[in-house]
Q: 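Please see the structure below; I have some questions.
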Amino acid sequence: MRIRALGPALPVMAALLVAATACGGSSATGGAGGTGGKKLKVVATTTQVADFARNIGGDKVTVTQILKPNVDPHDYEPSPADIQAIANADLVVKSGVGVEKWLDQTIKSAGFDGTVVDTSKGVAIRKGNGEEEEAAGDPHIWHNPKNAEIMSRDIAAAFEAKDPADKAAFEANLKSYTGKLEQLDAWIAGQINSLPPARRKLVTNHDAFGYYIDRYQLTFVGSIIPSFDTSAELSGKQLNSLVAKIKATGVKAIFSESSLPPKTAEAIGRQAGVKVEAGEDSLYGDTLGPAGSAGATYLEMERHNTTTIVTALKG
C-alpha cells in the first residue's frame, strides 16, 4: 500500500492536526442526544458512498469526500487534509470489502475513535479468487442497485443513531432515494432485456462489474486486468487467450473505464477486430465522474453505463 510511504510521519502529522483543531472522534456531536443543532460532520471515502450520504443526509449533514472523481480507490495515498477531516468527523462512511486498504491506518493516524459506517454490512459479497488482495471478495458492490439500497439503509441507520432528533428527515430522504434506486433497477433490467440473449456478453477493463452482470444476467467473457484490483496485469498468454475468447464468443465490443488508461483495451480490440468503448464516454467502474459529466451521480453513472453497454452490444 502506498500509504506506507508516509511511514512514521503519519501519526506525528495527525497529532499536530488534532491538537490544532482541538477536536476528534465524537467530541463534536454535543453528547449522546444528538448534534446540538449542528450538522453531522461526515467523511465519506469513495465517490459512491459520498453520493449516498448526501442523498440520505440532505441538509442535516456536511459531507467531506476523500476520493475525487476518476481517482482509483485501490491505489490511493491519503493526504494531510484527509487525516484532518477524519480527526474532525462525527462519522466516517466507507464502502468496505477491502476497497479502502489505506483507511484503517489513516483513521489510526487521525486519532479518530468515533463511528465508522461499513456500508457493505448486509450485502451478499461475491467471492474473490483467493489472492491476498481479493481475499475479502469483490468490493464493487455498488454496481447492483439493490446493494445500493442496502448501503443507503446502513448510512441512514448510522445517521439516525448519531442524530436521533433528525430521524424523520433521514427516513424521508431514505424513502425517496430508495424509490429512485428501484426505478433505476427496473429501467436497467428493461434495457438489458432489449438485447438478444446472444449479445449479452461483456469484456471489461477490469473485473469491476460482477454484481451488475449477476443482477442482469449477462455473460462475463473476460477482463483486460484479471483482478478486482486495477494494479494487476495480463500476461502475454492471457492476452492471446482473451483475444481468442472474444473471437469465439462473438463479443461485439470491449468496454474500458473512464478512470483507466485505454491502451491495452484498444490493442486487444484491434487484434480481435471489435469496437472499443474508451475515454470519457466509456464505463464508470470504480469512481463517479466529475460534476457535469455523464457519471456525476450514482444514478447518472448506472444509466450511462447501461446505455453505453446496450448501444455497443446492439451493434
Q: Applying side-chain hydrogen bond (donor to acceptor under 3.5 Å, both in side chains), name anything that partners Lys247, two or more places apart in sequence or on another chain.
A: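 Scan of Lys247 (side-chain hydrogen bond (donor to acceptor under 3.5 Å, both in side chains), adjacent residues dropped) gives none.
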
Q: Kindly indicate whether the side chain of Ile86, heavy atoms from C-beta on, has any atom under 4.5 Å from the side chain of Ile66.
A: yes

Q: Compare all side-chain heavy atoms of Thr45 with those of Trp102 and state whether any distance is below 4.5 angstrom.
A: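 Yes. Closest side-chain heavy atoms under 4.5 Å.
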
Q: For residues Glu302 and Thr297, determine if any side-chain heavy atom of one lies less than 4.5 Å from a side-chain heavy atom of the other.
A: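 They are not in contact (no side-chain heavy atoms under 4.5 Å apart), so the answer is no.
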
Q: Step by step, would you call Ser152 with Leu174 a side-chain contact (heavy atoms from CB on, under 4.5 Å)?
A: CA-CA 7 Å; Ser152 298; Leu174 176 63; 3.9 Å; yes

Q: Using a 3.5 Å distance criterion without hydrogens, assess whether the side chain of Ser256 forms a donor-acceptor pair with backbone atoms of Glu277.
A: no

Q: Rounded at 0.5 Å granularity, tell me how far OH in Tyr298 sits from NE2 in His143.
A: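 The NE2 atom of His143 is 8.0 Å from OH of Tyr298, to the nearest 0.5 Å.
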
Q: Could you give the distance from CG (Asn305) to CD (Glu300), rounded to the nearest 0.5 Å?
A: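 Nearest 0.5 Å value for the CG-CD distance: 12.0 Å.
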
Q: Rounded to the nearest 0.5 Å, what separates atom CG in Asp90 from atom OG1 in Thr62?
A: 8.0 Å

Q: State whether the side chain of Tyr212 and the backbone N or O of Leu218 hold a donor-acceptor pair below 3.5 Å, judged by distance alone.
A: no

Q: Measure from the side-chain N and O atoms of Thr47 to the backbone N and O of Leu288, and report whether any donor-acceptor pair falls under 3.5 Å.
A: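 Yes, because the side chain of Thr47 sits within donor-acceptor range (under 3.5 Å) of the backbone of Leu288.
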
Q: Hey, what do you get for CD1 (Ile213) to CG (Asn144), rounding to the nearest 0.5 Å?
A: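 It comes to 12.0 Å.
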
Q: So, Gln48 side chain and Asp286 main chain: donor-acceptor pair closer than 3.5 Å or not?
A: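 Checking the backbone N and O of Asp286 against the side chain of Gln48, a donor-acceptor pair under 3.5 Å is found.
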
Q: With sequence neighbours left out, what residues match Asn147 under side-chain hydrogen bond (donor to acceptor under 3.5 Å, both in side chains)?
A: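 With neighbours one apart ignored, the set is empty.
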
Q: Side chains of Phe170 and Ile155: closer than 4.5 Å at any heavy-atom pair?
A: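 The answer is no, as the side chains (C-beta and beyond) never meet within the 4.5 Å cut-off.
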
Q: Report the C-alpha distance between Ile83 and Thr106 in whole Å, list the side-chain angles of each, state the deciding distance to 0.1 Å, and finish with yes or no for side-chain contact (heavy atoms from CB on, under 4.5 Å).
A: CA-CA 6 Å; Ile83 298 170; Thr106 309; 3.9 Å; yes

Q: Are the side chain of Glu100 and the backbone N or O of Pro73 linked by a donor-acceptor pair below 3.5 Å?
A: no

Q: Less than 4.5 Å apart, side chain to side chain, heavy atoms only: is that true for Asn240 and Gln271?
A: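 Heavy-atom side-chain distance check passes, below 4.5 Å.
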
Q: Heavy-atom count around Lys121 NZ within 6.0 Å, excluding the residue itself: above 12?
A: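 It does not: Lys121 NZ has 12 such atoms or fewer within range.
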
Q: Decide side-chain contact (heavy atoms from CB on, under 4.5 Å) for Val310 and Lys314; before the verdict, give the C-alpha distance in whole Å, the side-chain angles of both, and the deciding distance to 0.1 Å.
A: CA-CA 6 Å; Val310 171; Lys314 279 184 176 178; 3.7 Å; yes

Q: If you define the side chain from C-beta out and look only at heavy atoms, does anything of Val117 sit under 4.5 Å from Phe159?
A: no

Q: Testing Lys180, Arg215, Lys146 for side chain to side chain donor-acceptor pair (under 3.5 Å) with Asp185, which one passes?
A: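 Of the listed options, the one satisfying the test is Arg215.
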
Q: So how far is it from Leu299 CG to Tyr177 OH, rounded to the nearest 0.5 Å?
A: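 Rounded to the nearest 0.5 Å, the CG-OH separation comes out at 4.5 Å.
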
Q: For Glu171, look at atom CD and say whether over 12 heavy atoms of other residues, nucleotides or ligands are found less than 6.0 Å away.
A: yes

Q: One pair to check against side-chain contact (heavy atoms from CB on, under 4.5 Å): Val274 and Val251. What are the steps and the verdict?
A: CA-CA 8 Å; Val274 298; Val251 170; 5.6 Å; no

Q: Report yes if some heavy atom in the side chain of Leu283 is under 4.5 Å from a heavy atom in the side chain of Phe209; otherwise report no.
A: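 Yes, close enough: below the 4.5 Å cut-off.
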
Q: Hydrogens and angles aside, do Arg303 and Gln191 bring a side-chain donor and acceptor to less than 3.5 Å of each other?
A: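 Result is no, nothing qualifies.
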
Q: Same cluster or not: are Ile141 and Val99 linked, directly or through other Ile, Leu, Val, Met, Phe, Trp or Tyr residues, by side-chain heavy atoms under 4.5 angstrom apart?
A: no

Q: Which heavy atom of Val97 sits nearest to which heavy atom of Ser120, and what is that distance?
A: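 Between these two residues, the closest heavy atoms are CG2-CB, 3.5 Å.
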
Q: Under a 4.0 Å threshold between the charged nitrogen and the carboxylate oxygen, would Asp163 count as salt-bridged to Lys60?
A: no

Q: What I'd like to find out is whether the side chain of Phe52 reaches to under 4.5 Å of the side chain of Asp154, using heavy atoms alone.
A: no

Q: Can you tell me how the ring of His140 sits relative to the ring of Trp142, calling it parallel under 30°, perpendicular over 60° and tilted otherwise?
A: perpendicular

Q: Strictly by modelled atom types, are Asp82 and Ser79 linked by a side-chain donor-acceptor pair under 3.5 Å?
A: yes

Q: Distance check, rounded to the nearest 0.5 Å: Lys275 atom NZ versus Lys252 atom NZ?
A: 12.5 Å

Q: So, for Ala44 and Val63, which heavy atoms are closest and what is the spacing to 0.1 Å?
A: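 In this case the closest contact between Ala44 and Val63 is CB-CG1, 4.1 Å.
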
